[in-house]
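Here is the structure we will look at, set down as structure tokens.
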Amino acid sequence: MITELLSPAGSYESFEAAIGAGADAVYVGGPAFGARAYAQNFSQEELIAAIETAHIHNRKLYLTVNTLLKNRELEGQLFEYLAPYYEAGLDAVIVQDLGVFSFIRRNFPGLDIHASTQMTITGPEGMKFLEEKGATRVVPARELSLEELSAMHKASPLEIETFIHGALCYSYSGQCLMSSIFGGRSGNRGRCAQPCRLPYTADGKQKYYLSLKDICTLELIPDLIEAGIDSFKIEGRMKKPEYVAGVTSMY
């Protein structure tokens, strides 16, 4: 399998930029249930148009449904939300909530499911569990080493998609409650206020103790391929089209 280059798009303009810069696939958020609630995101009409445009260019489009849903949302809103995109030929959904995972597998059996990094899959056991449940791809926790990713690849035939460029979380992927505790805005509902990016004072010194540097793996591409990575994922659904085009072009 040829390694896929997967680019982010927080707006239709960014989607066009990603396609124009050579992305093999693009992941986007729709009007609901995405982990970037403050991105511009796509209307239903834009999303359907993006699916059609991606397929014209022989590219793929993935939709983020990567928040934790409330029962009323799962029972009353999710089917109507996904049905138009499923009918339009959406290639896959990126999912965090296992309830959502089961719902989609039951109601949209032909739709590929990618297990989001928000699921915090950190080893072969998680890969095997999701393989049994019917996932087609896993996005492991972002803090894993190449050795750990390689072990997961050897343990399961599931595709592995990993972040290769952009922002990192200080916490285990998908397990941080800092924003919800500090300000009532949960990252697991797409509304992280990113308190880890702020300066804090310790021992009389104010520093950005929790703010990690962004990653850039251009020099590690051969190692990532050797580890068995199937999809290289660029972070940045909050970024402008110029950023998406520039980073996509580099990779």
Side-chain angles (χ1 to χ4, degrees), residues 1-9 17-28 35 54 57-64 66 91-96 101 112-176 212-237 239 243-251:
M1 175 180 173
I2 297 174
T3 305
E4 174 187 86
L5 179 58
L6 177 58
S7 295
I19 294 294
D24 299 305
V26 183
Y27 66 103
V28 308
H57 292 278
N58 199 28
R59 316 294 173 83
K60 293 183 178 181
L61 193 88
Y62 308 144
L63 176 65
T64 58
N66 56 343
D91 294 288
V93 284
I94 304 170
V95 171
Q96 173 186 13
F101 189 107
D112 284 354
I113 302 178
H114 298 175
S116 171
T117 191
Q118 297 293 107
M119 273 196 185
T120 326
I121 304 302
T122 59
E125 294 79 7
M127 290 280 285
K128 292 176 182 176
F129 172 78
L130 287 166
E131 181 184 343
E132 293 170 1
K133 294 298 180 184
T136 53
R137 179 182 293 186
V138 171
V139 189
R142 284 179 280 183
E143 55 276 359
L144 299 185
S145 67
L146 280 172
E147 290 74 16
E148 289 169 316
L149 292 172
S150 180
M152 293 169 70
H153 168 66
K154 293 173 182 176
S156 170
L158 289 185
E159 295 177 1
I160 295 179
E161 171 186 306
T162 189
F163 283 93
I164 59 161
H165 194 97
L168 290 171
C169 285
Y170 181 82
S171 175
Y172 280 105
S173 297
Q175 300 299 310
C176 183
L212 302 180
K213 292 181 179 179
D214 285 7
I215 58 169
C216 174
T217 64
L218 282 168
E219 296 179 355
L220 300 176
I221 288 175
D223 299 321
L224 290 162
I225 294 173
E226 181 67 24
I229 308 304
D230 299 283
S231 179
F232 289 169
K233 186 173 194 175
I234 299 167
E235 185 274 336
R237 283 200 295 122
K239 299 295 179 67
Y243 175 90
V244 173
V247 176
T248 300
S249 295
M250 284 193 295
Y251 282 94

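Throughout, numbering of the chain's residues begins at 1 and tracks the sequence. Because the structure is predicted, anything quoted here is derived from the model rather than measured.
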Considering only distance and modelled atom types, tabulate donor-acceptor pairs under 3.5 Å from the side chains of residues 243-251, sequence neighbours left out.
{"residue": "T248", "atom": "OG1", "partner": "S7", "partner atom": "OG", "Å": "2.8"}
{"residue": "T248", "atom": "OG1", "partner": "V244", "partner atom": "O", "Å": "2.7"}
{"residue": "S249", "atom": "OG", "partner": "A245", "partner atom": "O", "Å": "2.8"}
{"residue": "Y251", "atom": "OH", "partner": "I164", "partner atom": "O", "Å": "3.3"}
{"residue": "Y251", "atom": "OH", "partner": "H165", "partner atom": "ND1", "Å": "2.9"}
{"residue": "Y251", "atom": "OH", "partner": "T217", "partner atom": "N", "Å": "3.0"}

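Under the side chain to side chain contact (heavy atoms under 4.5 Å, CB included) test applied with F163, the options L6, V139, I234 reduce to a single match, V139.
A donor-acceptor pair is defined here as one N or O able to donate and one able to accept, closer than 3.5 Å; such a pair exists between the side chain of E235 and the backbone of A167.
In terms of heavy atoms, H114 sits closest to T136 at CD2-OG1, 3.4 Å. Taking all atoms of both residues into account, the shortest heavy-atom contact from S231 to E4 is OG-OE1, 2.7 Å. L158 approaches A135 most closely through the heavy-atom pair CD2-O, 3.0 Å. When every heavy atom of L168 is checked against every heavy atom of K213, the shortest pair comes out as CD1-O, 3.9 Å. Closest approach of G228 and I160 over heavy atoms only: O-CB, 4.3 Å.
Once rounded to the nearest 0.5 Å, the distance linking CD of E159 with NE2 of H153 reads 11.0 Å. Here NE2 of H57 is found 6.5 Å from CD1 of I19. Values are rounded to the nearest 0.5 Å. Note that CG of L5 and CD1 of I221 are 8.5 Å apart. Values are rounded to the nearest 0.5 Å. One distance of note links CG of L61 with OH of Y27; it measures 12.0 Å at 0.5 Å rounding. Atom OG1 of T3 is separated from atom CG of L224 by 9.0 Å, given to the nearest 0.5 angstrom. Expressed to the nearest 0.5 Å, how far CD1 of I113 lies from CD1 of I94 amounts to 12.0 Å.
Under a cut-off of 6.0 angstrom, the local environment of NZ in K60 is sparse, with at most 12 non-hydrogen atoms contributed by other residues, nucleotides or ligands. The local environment of CG in N58 is sparse, with at most 12 non-hydrogen atoms from other residues, nucleotides or ligands closer than 6.0 Å.
Counting heavy atoms from C-beta outward, T122 and L144 have side chains that approach closer than 4.5 Å. Contact check for P157 versus E131: side-chain heavy atoms found under the 4.5 Å cut-off. When side chains are defined from C-beta on, E161 does not count as touching D230, because their heavy atoms never get closer than 4.5 Å. By the 4.5 Å heavy-atom criterion applied to side chains, M152 and I121 are counted as neighbours. For the pair E143 and L212, the minimum side-chain heavy-atom distance is 4.5 Å or more. Residues C169 and R142 have side chains in contact (heavy-atom distance under 4.5 Å, counting atoms from C-beta outward).
Cation-pi geometry between K133 and F101 is not met at under 6.0 angstrom from the ring centre and within 45 degrees of the axis.
Taking the side chain to side chain contact (heavy atoms under 4.5 Å, CB included) definition, one finds that A115 meets it with M119, L130, V138, sequence neighbours left out.
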